[in-house]
Peer 1: 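What follows is a single structure, and I will ask about it in a moment.
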Amino acid sequence: MTATIALLTDFGEQDVYVGMMKGVINDIAPHAQMIDLTHNIPPGDIAKAAFELYRAVAYFPLGTIFLAVVDPGVGTVRLPVAISWPERVCVGPDNGIFTYLLAAGGEPTAVELTSSTHRLEQVSNTFHGRDIFAPAAAHLARGVELEELGPTVKELFRFPLPRLELIEGPLVKGEILHTDRFGNLITSIGVLRIEGDDVLLEPWLPHCPPARLPATGLRLRLPNGAYLSISSTYADVSPGEAVSYIGSLGLLEIAVNQARAIDVLPVTIGQEVVLSYKG
Amino acid sequence: MTATIALLTDFGEQDVYVGMMKGVINDIAPHAQMIDLTHNIPPGDIAKAAFELYRAVAYFPLGTIFLAVVDPGVGTVRLPVAISWPERVCVGPDNGIFTYLLAAGGEPTAVELTSSTHRLEQVSNTFHGRDIFAPAAAHLARGVELEELGPTVKELFRFPLPRLELIEGPLVKGEILHTDRFGNLITSIGVLRIEGDDVLLEPWLPHCPPARLPATGLRLRLPNGAYLSISSTYADVSPGEAVSYIGSLGLLEIAVNQARAIDVLPVTIGQEVVLSYKG
Amino acid sequence: MTATIALLTDFGEQDVYVGMMKGVINDIAPHAQMIDLTHNIPPGDIAKAAFELYRAVAYFPLGTIFLAVVDPGVGTVRLPVAISWPERVCVGPDNGIFTYLLAAGGEPTAVELTSSTHRLEQVSNTFHGRDIFAPAAAHLARGVELEELGPTVKELFRFPLPRLELIEGPLVKGEILHTDRFGNLITSIGVLRIEGDDVLLEPWLPHCPPARLPATGLRLRLPNGAYLSISSTYADVSPGEAVSYIGSLGLLEIAVNQARAIDVLPVTIGQEVVLSYKG
């Protein structure tokens, strides 16, 4: 059995925290293949972690175990959990980090990680990633059943989903969600696909209905009132010019050719952006 | 045979140095599983490397080969060595990087890596990690005996261990050893365990005797004379407040809730801290 | 079949881009072993990527698949390609990233990655690393023939090679190519080997002939007219002193003992350096 365990944490790469987790996994499940999603989530940023996890899961093999540990409340009341869908299993704190995956649907089974035979002998108050979550993921990779890890959890914690709203006009209201290494801005507007002369909105958040919008004249309004055209790629505009385009996840993104959008545009994370027609 | 090789270096992740080492290992021992401890040890910081290595080893499978290369004296007189305990093997420069592991006891066997058939054909003066240490680790992973790698080394280099002193009172004197990615401060005081109403000191450094200290009233004196209470986790205090707690290695650590202790407290690495009673 | 895929990108480690690529590979070729060269190439720096890739390839097993994605022109006219030599296969954009490898000779076969059965079903305009290159590398790792991936490409793009010139005197003119994590400067002068009392120049760039230079009196002239002696290692000089030495790739490098050469010497990337004799 060759299971894959994908890891996402905010532990960084300066210390040996991630290495310890991998040692624990390797000890319990020597044949598990470990793949890093990232360990550079800003410390404690559960919303960013939830988003990045959500972006990545679809690209992994069926049955992948996702070990996601951004856990500012470690040692407090939040539960350690494992959540199982037919497509994948997630292990981590019940603090909202699985919000998008839970919103995406399915009927997952969740358990609290209480089984003392499936954690390290000594459990610290500050590093459940190593002492509880890594062993649980490793035992699952070895074929242990979810139910052996602890009792069922009925209600899982979710934070409020980002704004994404379809309004007659038509207008799609969303917000600036995140920035990436290149300084590009990722909005909540999507998932978008081009089909012929139309842009299809296939909402990735369940509170927004699908829509079909004629592509001609569509543009994105920034918080300062400026409008960006929608291009197929950020190489379409001149150096220094801003552009909006459908990014690799299908979300509308904002880039400045050969510059960092987050640095040169008057926008910040959380602000509203609106997809609309020239007026 | 599926051996694990754990890697710790100061080569960073900007360049392909680590990748080259892994290529060499993969060429010699295609089935070895490689796990990164960290490659972001501050350049040349042997003491930090020794500490991080020591923190991590216990979490790896028996028989793991630790390849530790922080080697500011590469190309000079320090010996390239492999050191074998029943629990693990270490490969790296004999410059103090194995100090804590050697202090922890056991009766290891060590050899100097002189065998020309177990290094690359061309050995540079500046990159023994790739040319000598990685091949040695890979050959060990394939089952080559330690003795084939070179002649026995009797005396290995160790740097002075950190302060950790038990004084009648009782007082435990230690020092601030390191900081981590979250800005938390790790002290030399430990290994600590709670047992009922007592805190047990099970020294991780051999020059400090064990002790049993009543937990009530215990606190940590900072270099500036301030005292911190001992909490079970850093989430126990208000945002901005400092706290001392038993960290994931069992060492006493200092954190500031939702801030970086190293930035906001008047302390630096190497300063003395004292565990004592109110009064 | 246990193939190795080595990855080099400019995607950084903040986001999950690299993780997604690895998920795609793991899904298609579960037994492929993935090794990171680096993901921290400065964004869009094709020249640095080409150099780092070239430095690393020789240390990997025969047959390794190199997946190199620094792709500022993603979504534009540059072709996605796979290039096969007897020693290795490369997959990535045809934008110059394989310049050094192509200059090094051999008679590679190249194809354009057009086969729709060997890419993801939905191909974005902005992330061919995940949608085209990772699937191609994974299919090759599973044993798919290069020719199945698309039609042959005759002419591949190469950027101009760095300066490296042998002049009567003898003088070897080169340039400062790159800096590494330690701030050391890597020049284009090499590949150098010591043989007895001579330094052998075995050019790594095809436009420079080989030469044999007596070692005595050889030194390196910096752009500001200063001369550095050639030492065997950077530990040969006093702290703060600059030195030139043959680096781990065989190229002449410049270091300052216990400091960052790039910060303390009056030199920049691209400037000319000359290997010559005193006098």
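Reminder, nothing fancy here: chain letters follow the sequence lines and each chain counts from 1. Quick caveat, the model's predicted, so the values are computed rather than measured.
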Peer 1: Just verifying a value: how many Å separate Tyr245(B) OH and Thr126(A) OG1, rounded to the nearest 0.5 Å?
Peer 2: 6.0 Å

Peer 1: Between Pro61(B), Ala58(B), Gly247(B), Gly250(B), who has the most heavy-atom pairs with chain A when the cutoff is under 4.5 Å?
Peer 2: Pro61(B)

Peer 1: Indicate yes or no: at least one non-hydrogen side-chain atom of Asp10(A) is less than 4.5 angstrom from one of Phe182(B).
Peer 2: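 Side chain of Asp10(A) against side chain of Phe182(B), heavy atoms only: contact under 4.5 Å found.
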
Peer 1: Relative to chain A, which of Ala6(B), Pro42(B), Ala56(B) shows the most heavy atom pairs under 4.5 Å?
Peer 2: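 Going by pairs under 4.5 Å, I would pick Ala56(B).
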
Peer 1: Side chain, backbone, both or neither: which part of Leu53(B) has a heavy atom under 4.5 Å from chain A?
Peer 2: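 Neither part, no heavy atoms under 4.5 Å.
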
Peer 1: Can any side-chain N or O of Arg130(A) pair as donor or acceptor with the backbone N or O of Tyr59(B) at less than 3.5 Å?
Peer 2: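 Looks like no, no N/O pair under 3.5 Å.
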
Peer 1: I need the minimum non-hydrogen distance between Arg181(B) and Pro43(A), along with the two atoms involved.
Peer 2: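 Closest heavy-atom pair between Arg181(B) and Pro43(A): NH2-CD, 3.5 Å.
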
Peer 1: What part of Ile25(A) gets within 4.5 angstrom of chain B, counting heavy atoms only: side chain, backbone, both, or neither?
Peer 2: neither

Peer 1: I want to check something: taking the side chain as every heavy atom from C-beta on, are Ile35(B) and Asn26(A) in contact at a cut-off of under 4.5 Å?
Peer 2: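 Side chain of Ile35(B) against side chain of Asn26(A), heavy atoms only: contact under 4.5 Å found.
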
Peer 1: Would you say CG of Asp197(B) has more than 12 non-hydrogen atoms from neighbouring residues, nucleotides or ligands within 6.0 angstrom?
Peer 2: no

Peer 1: Hey, could you give me the OG/CG distance between Ser248(B) and Asp131(A), rounded to the nearest 0.5 Å?
Peer 2: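 Taking OG in Ser248(B) and CG in Asp131(A), the distance rounds to 7.5 Å.
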
Peer 1: Which one of Ile28(A), Leu120(A), Val24(A) has the most heavy-atom pairs closer than 4.5 Å to chain B?
Peer 2: Val24(A)

Peer 1: Could you tell me whether the side chain of Met34(A) reaches within less than 4.5 Å of the side chain of Gln33(B), counting heavy atoms only?
Peer 2: yes

Peer 1: Pull out the residues in residues 11-21 of chain A that come under 4.5 Å of chain B, heavy atom to heavy atom, sorted by number.
Peer 2: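 Contacts with chain B: Phe11(A), Gly12(A), Glu13(A), Gln14(A), Asp15(A), Val16(A), Tyr17(A), Gly19(A), Met20(A).
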
Peer 1: Would you mind checking which part of Asp36(A) comes under 4.5 Å of any heavy atom in chain B, side chain (CB onward), backbone (N, CA, C, O), both or neither?
Peer 2: neither

